[in-house]
Asker: 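Structure below; questions to follow.
Note on naming: letters A, B, ... go to the chains in the order of the sequence lines (proteins, then strands), and numbering restarts at 1 for each one.
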There are 4 protein chains.
Amino acid sequence: DRPFTLIAGPCAIESRAHALETCASIKEITDRLGIGLIYKSSFDKANRTSLKAVRGIGMAEGIDILADVKATYACPVLTDVHAAEQCAPVAEAVDVLQIPAFLCRQTDLLVAAAQTGAAINVKKGQFLAPWDMIQVVAKLHGSGNDRVLVTERGASFGYNTLVADMRSLPIMARDTGSPVIFDATHSVQQPGGKGSASGGQREFAPVLARAAIAVGVAGVFAETHQDPDSAPSDGPNMIPLKELEGVLSILVALDAIAKANPVRI
Amino acid sequence: DRPFTLIAGPCAIESRAHALETCASIKEITDRLGIGLIYKSSFDKANRTSLKAVRGIGMAEGIDILADVKATYACPVLTDVHAAEQCAPVAEAVDVLQIPAFLCRQTDLLVAAAQTGAAINVKKGQFLAPWDMIQVVAKLHGSGNDRVLVTERGASFGYNTLVADMRSLPIMARDTGSPVIFDATHSVQQPGGKGSASGGQREFAPVLARAAIAVGVAGVFAETHQDPDSAPSDGPNMIPLKELEGVLSILVALDAIAKANPVRI
Amino acid sequence: DRPFTLIAGPCAIESRAHALETCASIKEITDRLGIGLIYKSSFDKANRTSLKAVRGIGMAEGIDILADVKATYACPVLTDVHAAEQCAPVAEAVDVLQIPAFLCRQTDLLVAAAQTGAAINVKKGQFLAPWDMIQVVAKLHGSGNDRVLVTERGASFGYNTLVADMRSLPIMARDTGSPVIFDATHSVQQPGGKGSASGGQREFAPVLARAAIAVGVAGVFAETHQDPDSAPSDGPNMIPLKELEGVLSILVALDAIAKANPVRI
Amino acid sequence: DRPFTLIAGPCAIESRAHALETCASIKEITDRLGIGLIYKSSFDKANRTSLKAVRGIGMAEGIDILADVKATYACPVLTDVHAAEQCAPVAEAVDVLQIPAFLCRQTDLLVAAAQTGAAINVKKGQFLAPWDMIQVVAKLHGSGNDRVLVTERGASFGYNTLVADMRSLPIMARDTGSPVIFDATHSVQQPGGKGSASGGQREFAPVLARAAIAVGVAGVFAETHQDPDSAPSDGPNMIPLKELEGVLSILVALDAIAKANPVRI
């Protein structure tokens, strides 16, 4: 019944100034369009393709910057956790803990995240079927946390390619009872596609977002950057910040129709 | 710039009366919604899973019935051809010759179909990438026929499953220069999924159609039947006729937004 | 209990002299190794990627050349058919009619081939599961022909890639009751992988052949050519003729162990 | 040049007595066959499908039992680690640290494992191409550890299914320079295939092992149990202990031929 929520931000926290500026720019857009924003950024890229790739600003400083963003713009913030012991400190400052796709079956991480009481956004592994998320969500519910989001971000399709199966959106909604998010920018990754780094097809992120919104989702996840080609990670698949409003305004129009006509399966 | 065209009808020509009645029902709906209709039905099911499955009414009678439908409702008609020698006689009565997905690389069939001068709708094989359709369309163009439509109907995804990759729609439009059709009912087939027959997930046909329309397509292909569960073929994936108007009216609304905001890749 | 049979030859019949010479070379090898040979070559490449690609020598001349090869070397011959009307004339000269993978569900072709009484080698479509071959073989049996071979040649795996699932070999043997052939050279095709032509990974043909033989198959299919890089078709995946004996001699050794220890599933 | 090594044991450490007995049984077989054994068993199942599934005996007791097995049978032991902080204590008692497939891109875990100086067996993620393992191995080498094994255990193939691509074995050997292991029992898992647990096709483990050995591998990984149907985890895909010697003896025969004729790609 409501417009979709946007989960967006640069892949990595680059600096306090960059985080604050980027959030300001996105918030201006989402306020204009009347949609909610959850600001997303990572303090650590824990599974980079290469050992030599930049890891990130670190947990302590990252949390502090996200808390600053949250306070400055009255905007909930989301970040990803990669080890059980990160969950409690991160949850003190951050509204939504995100479980990365590769880690979505790691019981200790799920339980630790759930026990913080924070909202949890768990990404569906590239190796899972949509109905497999029942068990993933059950681990969170079984740990006393019902504030769960599930995110589609593509399924393995041959080598170095993902495919976004739009059936997964209503399947996950029906099977898990959780709001479903569509991650438009990771769904267009080409894992390992550039040898020592993942490639991406940035131009298809708006294409897949349109498809998902028309099917009906609670939210769209999209990484964005003022200059993706110089971003420290995920540049090939981030949406340039200056294109974001154009993309979102179409999604808002499609969403109104989709929400007025919910899919029933 | 125009609303999408609907290609629809029952999978198989069951009888003259059934064809005329079904077309009347669909035409009433598309007229009400202001969208064009191409009536589709097959005179032969040439690649049924089982030898014992019903084949169809035959070419001569099928053509005659389709000509009757065309004359009665002033509505272009489409049917599929499976052998080169069928192309000329079928093209005398039928507006659009359709090349089945399994046969989309058979040069003789493509050339014979092209040489009739009729419009050709060629379905992308489940074993092809979207960019592979460049060569398929080049066979038609190279035979002197530029009136070509290309149709997405799902790609093989493991065993007995298809996945509809929404990226293929703008890729085929860009690479072939042809109008792109999304086949919502064959994309939800489960090939061989029922042992001696293909299964289907009828409930997902409207889901995938919404996604495709929001991305932007020239047309939607959807088989429909007043009682799919008793249809001689493709029952598991046809849209019940009584649900068709509801599905289409949402597509019309989404299409208006999509056409006003064409995807650029 | 017997050694495996080799189905081999150049992809296309290039000329009478080339066919006779190539068969002589292969026959010398298979005689030395004590394995049976069925000579394979095509008179028409009916589904080339591009309209401009060479098609072949034609049916009449092709049949005549194959009859010559058969008479000269007392060696059964195999060729593929692409239309129902080709089956009867081809079967007059040729021992084994082969149904191409893309056409393995075309009922009329299967029935016409079966009715000739010739042995039939049907390739599993890239879009089929191994158990789906039950129905394909039933079409042949149901047409009165029990002399059926089934061939694995890879399954679609994402775009422009095939994967050979070694489980399919015992599954097809169990489910169809037919001798199973492993096609080592088409399993390493990269369909559409070179834009206007299919690519191939010739170096992996012996790798996959070893795997299949160790699992246990009735025969190996391998296209071969004295100079694959200048062959009119399928060059990227053919085994160079001068390497054939080396490859086969390893297969013979592995086959002895496999046949002494049949897989049971 | 040497026979392959077997990495085997029950999926989970059930008790000290069970571990000692199982190792005794396997060691008797491998001694008889003249092949090396690395005993494998897990102290924690960290990514079970369901929260309610049994986790395991725990790290401290598990290490102690593995040390006991090692001392008793003079047999190297292997276990998997799931968090960076486990690596150092586990490496004090265990010869080979194994990185689970889902975790094969987690930099911190790889670095911590590498820095122990123990040998590392890293499983290829179901979402990776064989050539993507270059970067995974580079993380280990870059952390000062060259004692690396890489293991194929199947790639995602549609939903709830894996496929073992035999090309990956020589590709990984060539690209990583590491000995390649084929995991026969996880390659036949059906992830999530039983709803609240993974299914498996135990009968295909020997089939795929034969294929891999014939291609040429440094080792075979196979979980085994005296009564798989009552095992706490992975029962559907473990090889019954009483069948192990039969399976291995065929592999030994195939391996001799494969090692005498190494694949070159």
Asker: Is it true that A/Asp234 and A/His186 share a donor-acceptor pair across their side chains at a distance under 3.5 Å?
Answerer: yes
Asker: Counting N and O atoms only, with roles assigned by atom type, does the side chain of A/Thr30 sit under 3.5 Å from a partner on the main chain of A/Leu37, one being a donor and the other an acceptor?
Answerer: no
Asker: Counting only non-hydrogen atoms closer than 4.5 Å, does A/Ser156 touch chain B with its backbone (N, CA, C, O), its side chain (CB onward), both, or neither?
Answerer: backbone
Asker: Under 3.5 Å, is there a donor-acceptor pair between the B/Asp183 and B/Thr151 side chains?
Answerer: no
Asker: Is the closest basic N to carboxylate O distance between A/Asp229 and A/Arg202 below 4.0 Å?
Answerer: yes
Asker: Between B/Ala253 and chain A, with a heavy-atom cut-off of 4.5 Å, which part of the residue counts as in contact: side chain, backbone, both or neither?
Answerer: both
Asker: Where on A/Pro170 is there a heavy atom nearer than 4.5 Å to chain B: the side chain, the backbone, both, or neither?
Answerer: side chain
Asker: Is it true that a side-chain atom of A/Thr185 and a backbone atom of A/Glu223 form a donor plus acceptor pair closer than 3.5 Å?
Answerer: yes
Asker: At a heavy-atom separation under 4.5 Å, does A/Leu254 approach chain B through its side chain, its backbone, both, or neither?
Answerer: both
Asker: Checking heavy atoms, do the side chain of A/Leu162, its backbone, both or neither come under 4.5 Å from chain B?
Answerer: backbone
Asker: Report the option among B/Asn261, B/Val188, B/Leu169, B/Ile213 that has the most heavy-atom pairs separated by less than 4.5 Å from atoms of chain A.
Answerer: B/Asn261
Asker: Go through the atoms of B/Ile250 and report whether side chain, backbone, both or neither lie under 4.5 Å from a heavy atom of chain A.
Answerer: both
Asker: Please find the pair of heavy atoms, one from A/Val217 and one from A/Asp255, that lie closest to each other, and give the distance.
Answerer: O-OD1, 4.3 Å
Asker: Heavy-atom distance under 4.5 Å to chain B: side chain of A/Ala258, backbone, both or neither?
Answerer: both
Asker: Would you mind telling me which of B/Arg264, B/Gln201, B/Arg167, B/Glu203 has the largest number of heavy-atom pairs within less than 4.5 Å of chain A?
Answerer: B/Arg167
